[in-house]
Amino acid sequence: MSAHPMLSPSQTTRFRRKLLEWFRANKRDLPWRKQKDWYPVYLAEIILQQTTVEQGLPYYRAFIRRFPHVSALAAADLQEVLKLWQGLGYYARARNMHKAAGILTDRYGGCFPQDYKQALALPGIGPYTAAAILSQAFNRVHAVVDGNVSRVITRLLALEDDIRRADTQKRIQHVAGLLISRKYPGDFNEAMMELGALVCTPRAPLCASCPVSRYCRARDLGKAAQIPYKSPAVPKRRQYHLVMIRERENRILLRQGNDHGLLAGMWGFPVRVVSGKELEQPGKIEQMAPDGLHTKKISPPMRHVYSHIDLKYRVVWLEERPENRDDDKKNLWLARHELEHYPIHKAHLKALHWLDQQMKEAD
DNA sequence: AATACGGGGTT
DNA sequence: AACCCAGTATT
């Protein structure tokens, strides 16, 4: 490993002690911290991937209530798991979690493997999550590196390398391994993340109330707010959709999306891809209705931003004549209240909300 | 090494 | 509007 500035052994010891002391006095009271069972920790770690504690908390409560043990999760239908996950995003997490629950139940007898390599082999578990679960639930010494830890360590050592680069991440992981407490690896990991979430924040770090600011090189240099450096993200591509809500005899057509890729396994309404120019012309849109369908109303432009797509869309409310039933496995004509039982992705939940408003106004 | 993969909150 | 978040899987 190439040379980088590092705390001396005695500084490292004092850093650890200060951090752990601060953590025990200031940690948030979170439900998965109440016991040392691996399952609550596992559930929380999957939910919290790329997700803030505040956003994930209600989902955690719903899941732990409905699936108190991993065997219950394994026994559930994937559709029910996705329904509970609805609105949280990154739906592959739910699919992988369901698959992993099956493996843990069938192959590991309902226990979590304490070996790092075996943990890493489970679907949905990468280096961060494996280290988090093994350290918190089994007191194994594996340092976690997440967004918080990256920020804390780059500031601590005043590392100005691009945090997106793999070699930078590798150095951070190495430093985390040097810093971690051998006696309390779980608490240390949580403490680093808690510090990043509550004190060593991205924009305006609260150095004045930081328990380890005296060990922080960036703070020393007055650079804390400028570190870490992150190269610019690639711009999102723009997309334009017509979201068709088709109504027939008080029923609405709902469709299940692809099995992989964006929003895998989730339900929504039929979509027609258009150009940005076409989306601006309601008159043209009205004529785009499939044969024999009457356009009842067109929504104003709406926007939904995905991780890599900037979507602009309008909802088109269509009315059609009664016909023979043409339901199949992935196309269902449902009463409004039946839609509540299906996992529907956010952009189309917003479309549905618009429809509800229109129906209410029509009364 | 780069890209795909959601949704909400902050500045 | 840009950036961030208890990241992982695929290519």
Side-chain angles (χ1 to χ4, degrees), chain A residues 23 27-28 30 32-33 40-60 82 85-97 99-100 119-133 135-136 142-152 162-170 172-173 176 186 188-198 200-205 225 228-238 257-258 260-266 268 303-311 343-350:
Chain A
F23 177 64
K27 66 178 174 182
R28 289 169 287 184
L30 299 170
W32 51 89
R33 287 178 173 164
V41 174
Y42 166 74
L43 202 48
E45 290 302 340
I46 301 297
I47 288 173
L48 293 177
Q49 287 169 4
Q50 292 290 282
T51 302
T52 58
V53 168
E54 304 79 69
Q55 190 188 0
L57 202 42
Y59 286 86
Y60 173 85
L82 286 173
W85 202 274
Q86 173 179 281
L88 193 56
Y90 282 158
Y91 297 97
R93 287 184 292 172
R95 303 168 70 86
N96 284 331
M97 184 174 77
K99 194 185 294 180
L120 209 53
L122 290 164
I125 295 193
Y128 163 80
T129 308
I133 296 171
S135 65
Q136 288 173 48
H142 295 279
V144 301
V145 175
D146 72 331
N148 292 304
V149 175
S150 290
R151 190 168 57 251
V152 170
D162 183 357
I163 203 171
R164 281 189 203 277
R165 293 179 55 95
D167 57 345
T168 306
Q169 283 303 311
K170 194 157 179 158
I172 294 169
Q173 181 73 61
F188 177 88
N189 281 336
E190 285 200 89
M192 289 286 278
M193 296 190 282
E194 197 84 333
L195 188 73
L198 301 181
C200 197
T201 52
R203 305 299 182 81
Y229 167 72
K230 195 170 190 178
S231 53
V234 298
K236 299 179 195 296
R237 68 172 183 270
R238 294 173 172 285
N258 293 348
H260 31 255
L262 188 63
L263 308 171
M266 299 297 283
R303 190 169 179 228
H304 191 79
V305 181
Y306 295 99
S307 45
H308 59 302
I309 295 169
D310 190 343
L311 177 68
I344 300 174
H345 58 88
K346 203 73 178 185
H348 289 194
L349 282 177
K350 289 196 273 188

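No experiment lies behind these values; they were computed from the predicted model shown. Just so it is clear: chains get the letters A, B, ... in the order the sequence lines come, proteins before strands, and each one is counted from 1.
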Start at the 5' end of DNA chain C and walk down; is the nucleotide closest to A/Leu122 or to A/Ala132 reached first?
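Checking each residue's closest nucleotide, the 5'-ward one belongs to A/Ala132.
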Give [X] one of three labels, base, sugar-phosphate or nothing, depending on what nucleic acid heavy atoms sit under 4.0 Å from its own.
X: A/Trp32; answer: base
X: A/Arg303; answer: sugar-phosphate
X: A/Thr201; answer: nothing
X: A/Pro123; answer: sugar-phosphate

What is the minimum heavy-atom distance between A/Ala131 and A/Asn189, and which atoms define it?
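Minimum heavy-atom separation between A/Ala131 and A/Asn189: O-ND2, 4.3 Å.
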How far apart are the closest heavy atoms of A/Gly56 and A/Leu48, and which atoms are they?
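Closest heavy-atom pair between A/Gly56 and A/Leu48: CA-CD2, 4.4 Å.
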Name all residues meeting the side-chain hydrogen bond (donor to acceptor under 3.5 Å, both in side chains) criterion together with [X]; count only those two or more places apart in sequence or in a different chain, and write none if there are none.
X: A/Thr168; value: none
X: A/Gln136; value: A/Glu45
X: A/Asn258; value: none
X: A/Glu190; value: A/Arg33

For A/Phe23, all residues meeting ring-ring contact (aromatic ring centres under 6.0 Å, His included), sequence neighbours excluded
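By the ring-ring contact (aromatic ring centres under 6.0 Å, His included) rule, A/Phe23 matches no residue at all.
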Those residues that, when tested against A/Tyr306, pass ring-ring contact (aromatic ring centres under 6.0 Å, His included) (two or more places apart)
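In terms of ring-ring contact (aromatic ring centres under 6.0 Å, His included), with neighbours along the sequence ignored, A/Tyr306 is linked to A/His304.
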Holding to side-chain contact (heavy atoms from CB on, under 4.5 Å), I want the full list of residues that pass it with A/Ala92, two or more places apart in sequence or in another chain.
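side-chain contact (heavy atoms from CB on, under 4.5 Å) list for A/Ala92, sorted by chain: A/Asn96.
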B/S/- contact track for nucleotides 3-11 of chain B, protein heavy atom under 4.0 Å:
-SBBBS--S
Span of DNA chain C, from the first to the last nucleotide whose atoms fall under 4.0 Å of chain A heavy atoms:
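The protein-touched segment is C/dA1 to C/dA9.
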Taking the same atom, [atom1], in [N] and in [M], what whole-Å distance lies between them?
N: C/dA9; M: B/dG8; atom1: P; value: 24 Å
N: B/dT11; M: C/dA6; atom1: P; value: 14 Å
N: C/dT11; M: B/dG6; atom1: P; value: 15 Å

